[in-house]
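Structure first, then comments.
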Amino acid sequence: MKFPERVFSGMQPTGSLHLGNYLGAMVQWIEMQKTHECIYCVVDLHAITVWQDPAELSDAIRRVTAAYIAAGLDPKRSILFNQSQVSAHAELAWIFNCVARLGWLNRMTQFKEKAGKDRENASVGLYAYPNLMAADILAYRGTHVPVGEDQKQHLELARDIAQKFNNDFRKEIVAAGHDDGIFFPQPEPIIEGPAARIMSLRDGTRKMSKSDPSDLSRINLSDDADAIAKKVQKAKTDPEPLPSEEAGLEPRPEADNLVGIYAALAGNTKAQVLCEYGGQQFSTFKKALAELAVTRLAPIGAEIDRLMADPATIDAILADGSARARAIAEPVMREVKEIVGFIHS
Ligand code: AMP
Ligand code: TRP
């Protein structure tokens, strides 16, 4: 195999982490560390593409780090670090700014959503965000990228950038000793399970998001048992009992979402959940869901608080992870500079 399998993923240190982040990304990240070499990054450079209060940013970085450790990520086995400590990300992103085409970025739906109507006033960083994301992965020649469904388009762009770099510099790549002319792998998105897209508890057609103004729309990892139970009770539903077949969920986005959340928390499929709860009223199902959510999430919230009480230990974990990340990225960057034609020492 030309490229050893290497997992890379990242999460922004903004807002509070919620059930969508946990089930859509964290659970997969943690699972993959059993079988793969994994690099997990707190993407602080991405965070500042929209304004972040400097007084709050460092704690937000620590909190995401703590959340991962609390959820089961092992910082000895996997590499856990924050992006800005490894300069390869910004360096490679610049080179990719010169590889990617304006036309490619113009198609990115997340930019359109995040920039909103006032596009003229969005930061240049927000526009170039996907190039930095490609650099994150490819600085390590990452091959597998576990993410939620919303990141699919960005991953496609990362593949296009890898391909164009390989094509543009083919001669130099071969001269550098890569006989097949391939320097970067095509990173593969890993988007799986009933939780790839968790929806808002208030509107089953919109994704659960940090930026939703309604706190009732999401379950935060920092919510206590009462808050979790209350949000599940208040979750929007329809008057029908649960269907007994998965096909019955299709026209019912809110029911589909709650069944998907239950399945993901319990580690089964939607079909298995319907086997147990099909034909029952939401009042019964919501009680079970609230209980399950509290059992799974409340200990994580408590562990985050415990870890946050000792910021020096978190900073030491990030420093150690950054050093290990640098050791992988630096030789890659040396070759990239050689290939592009820069003089380096
Ligand atoms: P973000 O909160 O945008 O930094 O996303 C961090 C990770 O969580 C990414 O892999 C997202 O795809 C994932 N994610 C965010 N929101 C959801 C959601 N509602 N459902 C599933 N995955 C999500
Ligand atoms: N854009 C991703 C998100 O908002 C975060 C991210 C940044 C990422 N760099 C990455 C995810 C590299 C996977 C790989 O969720």
Side-chain angles (χ1 to χ4, degrees), residues 6-30 32 38-50 52 60-61 63-64 67-68 71 81-84 86 88-90 92-93 96 108-111 113-114 125-126 128-159 161-162 187-212 217-221 253 256-257 260-261 264-265 325 329:
R6 183 177 279 152
V7 171
F8 186 99
S9 197
M11 188 163 310
Q12 298 195 57
T14 51
S16 60
L17 288 170
H18 54 73
L19 192 65
N21 300 130
Y22 177 64
L23 294 175
M26 293 167 117
V27 169
Q28 279 192 81
W29 289 21
I30 287 157
M32 291 190 90
C38 297
I39 305 174
Y40 296 128
C41 183
V42 182
V43 293
D44 47 11
L45 297 175
H46 277 108
I48 62 164
T49 56
V50 297
Q52 303 297 327
I61 295 167
R63 189 166 283 280
V64 174
Y68 271 107
F81 74 109
N82 60 311
Q83 196 181 22
S84 59
V86 180
H89 294 255
L92 188 58
F96 287 171
M108 295 294 116
T109 54
Q110 187 166 307
F111 173 75
E113 277 163 29
K114 285 201 178 169
L126 189 66
Y129 178 117
N131 295 346
L132 176 58
M133 181 162 160
D136 295 341
I137 302 162
L138 294 172
Y140 305 91
R141 299 163 124 189
T143 57
H144 292 75
V145 186
V147 281
E149 171 91 19
D150 58 349
Q151 295 302 312
K152 199 169 169 203
Q153 196 185 34
H154 288 158
L155 255 297
E156 277 158 16
L157 187 90
R159 294 167 69 89
I161 289 176
E188 240 181 80
I190 312 285
I191 302 171
E192 273 169 14
R197 198 170 162 78
I198 301 286
M199 310 310 282
S200 155
L201 298 180
R202 306 300 298 163
D203 177 353
T205 63
R206 293 178 38 183
K207 109 180 159 165
M208 185 177 285
S209 154
K210 290 168 181 170
S211 52
D212 194 314
S217 71
R218 66 184 158 260
I219 294 176
N220 303 304
L221 288 186
D256 188 26
N257 189 37
I261 291 173
L265 285 171

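Atoms within each ligand, like the ligands themselves, are counted from 1 in listed order. When a residue number appears, it is its place in the shown sequence, counting from 1.
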| request: Dump the intermediate steps for side-chain contact (heavy atoms from CB on, under 4.5 Å) on Met32 and Ile190, then the final yes or no. | output: CA-CA 10 Å; Met32 291 190 90; Ile190 312 285; 4.2 Å; yes
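- With hydrogens and angles ignored, the 3.5 Å screen pairs a side-chain donor or acceptor of Gln52 with a backbone N or O of Ala47.
- Salt bridge absent: Asp212 and Arg202 never bring a charged side-chain N and a carboxylate O closer than 4.0 Å.
- Note that CD1 of Ile191 is 6.0 Å distant from NZ of Lys152, once rounded to the nearest 0.5 Å.
- Pocket lining of ligand 1, defined as residues with a non-hydrogen atom under 4.0 Å away: Met11, Gln12, His18, Gly20, Asn21, Gly24, Ala25, Val147, Gly148, Asp150, Gln151, Ala195, Ala196, Arg197, Ile198, Lys207, Met208, Lys210.
- Between the Arg159 side chain and the Pro187 main chain, a donor and an acceptor come within less than 3.5 Å of each other.
- Of the residues listed (Glu192, Met26, Gln28), the one engaging Pro146 in a side-chain contact (heavy atoms from CB on, under 4.5 Å) is Gln28, and it is the only one.
- Gln83 and Asp136 share a side-chain donor-acceptor pair at under 3.5 Å.
- Between Lys207 and Asp150 there is a salt bridge, with a side-chain nitrogen of the basic residue lying less than 4.0 Å from a carboxylate oxygen of the acidic one.
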I'd like the atom pairs linking ligand 2 to the protein - N or O on both sides, separation under 3.5 Å - with distances to 0.1 Å.
from     : atom 1 : to     : atom 2 : distance (Å)
ligand 2 : 1 (N)  : Tyr129 : OH     : 2.6
ligand 2 : 1 (N)  : Gln151 : OE1    : 3.0
ligand 2 : 4 (O)  : Gln12  : NE2    : 3.4
ligand 2 : 4 (O)  : Tyr129 : OH     : 2.9
ligand 2 : 9 (N)  : Asp136 : OD2    : 2.7
ligand 2 : 15 (O) : Gln151 : NE2    : 3.4

| request: Could you please spell out the steps behind the side-chain contact (heavy atoms from CB on, under 4.5 Å) verdict for Phe8 and Leu138? | output: CA-CA 9 Å; Phe8 186 99; Leu138 294 172; over 6 Å; no
